[in-house]
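Everything on this sheet refers to the single structure shown next.
Given the structure is predicted, the values throughout are model-derived calculations rather than measurements. Throughout, a chain's letter reflects where its sequence line sits, starting with A, and its residues are numbered from 1.
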Number of protein chains: 2
Amino acid sequence: MLQIATASHSLLEERSPSARDIRHRVLARNAVLFWQDERQPQAIEIVEGTVRAARLWSDGSRQILAFFWPGDIIQAAALQRYTAEAVTRCVLRPRSHEDVGTFESSGTDQALQASICLLAATGKKSATSRMAWFLLQIYEHLPQDPRRAHALRFTIPRNDVADYLGMSMETACRTLAAFRARGLIDLPTRKTICYRDMAQLARVAQSPKWEDAEA
Amino acid sequence: MLQIATASHSLLEERSPSARDIRHRVLARNAVLFWQDERQPQAIEIVEGTVRAARLWSDGSRQILAFFWPGDIIQAAALQRYTAEAVTRCVLRPRSHEDVGTFESSGTDQALQASICLLAATGKKSATSRMAWFLLQIYEHLPQDPRRAHALRFTIPRNDVADYLGMSMETACRTLAAFRARGLIDLPTRKTICYRDMAQLARVAQSPKWEDAEA
DNA sequence: CGTGCCATTGAGTCAATTCAACTTAAGTGG
DNA sequence: CCACTTAAGTTGAATTGACTCAATGGCACG
């Protein structure tokens, strides 16, 4: 199921439909933007969809380093440190270096900061804390669900969540189920999430234990 | 035992002895170079000793992000993302921005790359793999032990190794003990290490299982 | 030459993994 | 539009790796 770093490029890459700006590119789910250790001439802006940055390993495992959301710009580097893939169907816009301009260094800096945060989350805490932290982190990036009020589209498959947080997919499932059981969130559909108790989530993200108000 | 981010600055900072260049600074063990979220006007070159970069958390835990060795230069950033402390007694040399010059962006890049590598190591593998990876990583940085041939000074306390690799100190000890028992390394003294079987170490760093040639 | 910090080892516990079965949703083509 | 096929998600049970707590050993530093 996992693709290894030497596989062929962009498996699905269609030209943009007439309605969109010519310079927009549409990528199908799981298409590859670029591979790790490859030269990447342009910066890329995410217009729609979600992109994952992952480091792939020869043993087939991977570590997802970050997710990119609409408005984010992926910096072109001399040599990319990660593989970028479309989590959902994506609309992208190539950006020249001039467009990006002074963000060059601050962009790298941002990536560094994100890595540090992820390291911290990954480093010590329990699966529960990590998941709570993750849910809080993605909260304002998730698009609304057109079919349900107060519901957001939880666009990232469990698989990817697990590889981001350094846990197995099963643990990711179980943790989400526990959150639902305690009323922190609701999951009307697999790809739909309602945030019910942000304060509680924040508390769980901090301390490794539950110890909640149950009385 | 752990110091929190708001404690007082540089607890031990002596002026350099006459034998050294005036511009050198000597720091005692566990002295602080700078704190996270603090402005740091100058870049710093490590002349002697080892420095750790750590992110400290309010719950008293920490994640060590990287170690710096003689020859490394710590970039001055608008706001430091980590606390830098002396692991051993250190000799430092302040560097102006001009000295560093074009390394500005590549320096940040290096820290980023290190974070990614650490994330990858931390992310999934077993304590055994992580430790093997760590030993390989620090191999060429360790100074020789004057008292024993083929032996290196293992300058980093178990404590710090553990916080770097995201495991408990006890696990770090046990893992090292296992390596010694299997002849991958030798530990004549707590602060001395002999690398015996690099190939085996490399193999262990890859796969999570042992499955060695024991027959 | 104590004395305190760092390191090591043991035992028991628990959280997270693995393996496996099964359910539900999403595609796909007739 | 419906049956079929495949992928994704969920739950259970057993196992184990790493953690915690605790006690001891030893080196280094004053």
Side-chain angles (χ1 to χ4, degrees), chain A residues 1-3 12 28-30 59-61 87-89 121-132 145 147 153-163 165-181 185-193 204 207-211, chain B residues 1-3 12 28-30 59-61 87-89 121-132 145 147-148 153-163 165-181 185-193 204 207-210:
Chain A
M1 201 262 293
L2 258 184
Q3 301 167 46
L12 271 172
R29 209 161 59 90
N30 290 326
D59 65 351
S61 69
V87 176
T88 63
R89 185 176 157 286
T122 280
K124 246 211 147 46
K125 295 157 182 285
S126 65
T128 306
S129 294
R130 276 177 280 166
M131 182 61 79
D145 190 306
R147 275 169 294 203
R153 292 222 31 98
F154 189 22
T155 48
I156 303 174
R158 306 292 134 94
N159 213 352
D160 287 2
V161 175
D163 281 348
L165 297 177
M167 62 180 73
S168 69
M169 202 190 66
E170 293 91 332
T171 302
C173 273
R174 275 185 257 267
T175 309
L176 285 173
F179 284 173
R180 190 183 46 179
I185 59 173
D186 197 8
L187 297 166
T189 297
R190 288 171 169 188
K191 291 219 176 318
T192 310
I193 185 171
V204 172
S207 75
K209 298 276 178 205
W210 286 96
E211 318 298 358
Chain B
M1 200 264 294
L2 258 183
Q3 300 168 46
L12 271 173
R29 210 160 58 89
N30 290 326
D59 64 353
S61 69
V87 176
T88 63
R89 185 176 158 284
T122 280
K124 239 202 152 49
K125 294 157 183 285
S126 65
T128 306
S129 295
R130 276 178 280 165
M131 182 61 79
D145 191 307
R147 274 169 295 202
R148 290 172 171 268
R153 295 232 15 110
F154 189 23
T155 47
I156 304 173
R158 307 288 189 266
N159 212 352
D160 286 2
V161 175
D163 281 349
L165 297 177
M167 62 180 72
S168 71
M169 202 192 65
E170 293 91 332
T171 302
C173 273
R174 275 185 258 266
T175 309
L176 285 173
F179 284 174
R180 191 183 46 180
I185 59 173
D186 197 8
L187 297 166
T189 297
R190 289 172 169 188
K191 291 221 176 314
T192 310
I193 186 170
V204 172
S207 76
K209 297 276 177 206
W210 287 96

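At distances below 3.5 Å, at least one donor-acceptor pair connects side-chain atoms of A/R130 with backbone N or O atoms of A/G166. Not one N or O on the side chain of B/T192 forms a donor-acceptor pair closer than 3.5 Å with the backbone of B/L187.
Summarising the geometry, the separation between CG on B/L165 and C1' on D/dA18 is reported as 14 Å, rounded to the nearest angstrom. Distance, A/M131 CE to C/dA15 P: 17 Å, rounded to whole Å. Rounding to whole angstrom units, CG of residue A/N30 and P of C/dA26 are separated by 15 Å. The distance from atom CG of A/D163 to atom P of C/dA16 is 17 Å, rounded to the nearest whole Å. Rounded to whole Å, atom P of D/dA18 lies 11 Å from atom CZ of B/R174. Across the protein-nucleic acid pair, A/F179 atom CZ and D/dG9 atom P stand 18 Å apart, rounded to whole Å. Look at CD1 on B/I193: it is 16 Å from C1' on C/dT8, rounded to the nearest Å. In this structure, A/R190 places its CZ atom 16 Å from P of C/dC22, rounding to the nearest Å.
Residue contacts for B/R158: at a heavy-atom cut-off of 4.0 Å it reaches the sugar-phosphate backbone alone, with no base atom in range.
Considering every non-hydrogen atom in both B/M131 and B/T175, the closest pair reads CB-CG2, 3.6 Å.
You'll find that the side chain of B/R130 is closest to D/dA18, out of D/dA18, D/dT11, D/dT10. The side chain of B/S126 lies closest to D/dA18, out of C/dT8, D/dA18, C/dC6.
Nucleotides of DNA chain C nearest to A/E170 and B/I156 differ in position, and the one nearer the 5' end is that of B/I156.
Between B/S168 and D/dA18 there is no side-chain N or O to OP1 or OP2 distance below 4.0 Å. At the phosphate of D/dT10, neither OP1 nor OP2 sits under 4.0 Å from any side-chain N or O atom of A/R180. Taking only side-chain nitrogens and oxygens, A/K191 never comes nearer than 4.0 Å to OP1 or OP2 of C/dA26. Between A/T171 and C/dA16 there is no side-chain N or O to OP1 or OP2 distance below 4.0 Å.
The distance from atom NZ of B/K191 to atom CD1 of B/I156, rounded to the nearest 0.5 Å, is 10.0 Å.
A 4.5 Å side-chain heavy-atom check between A/R158 and A/L176 finds at least one atom pair inside the cut-off.
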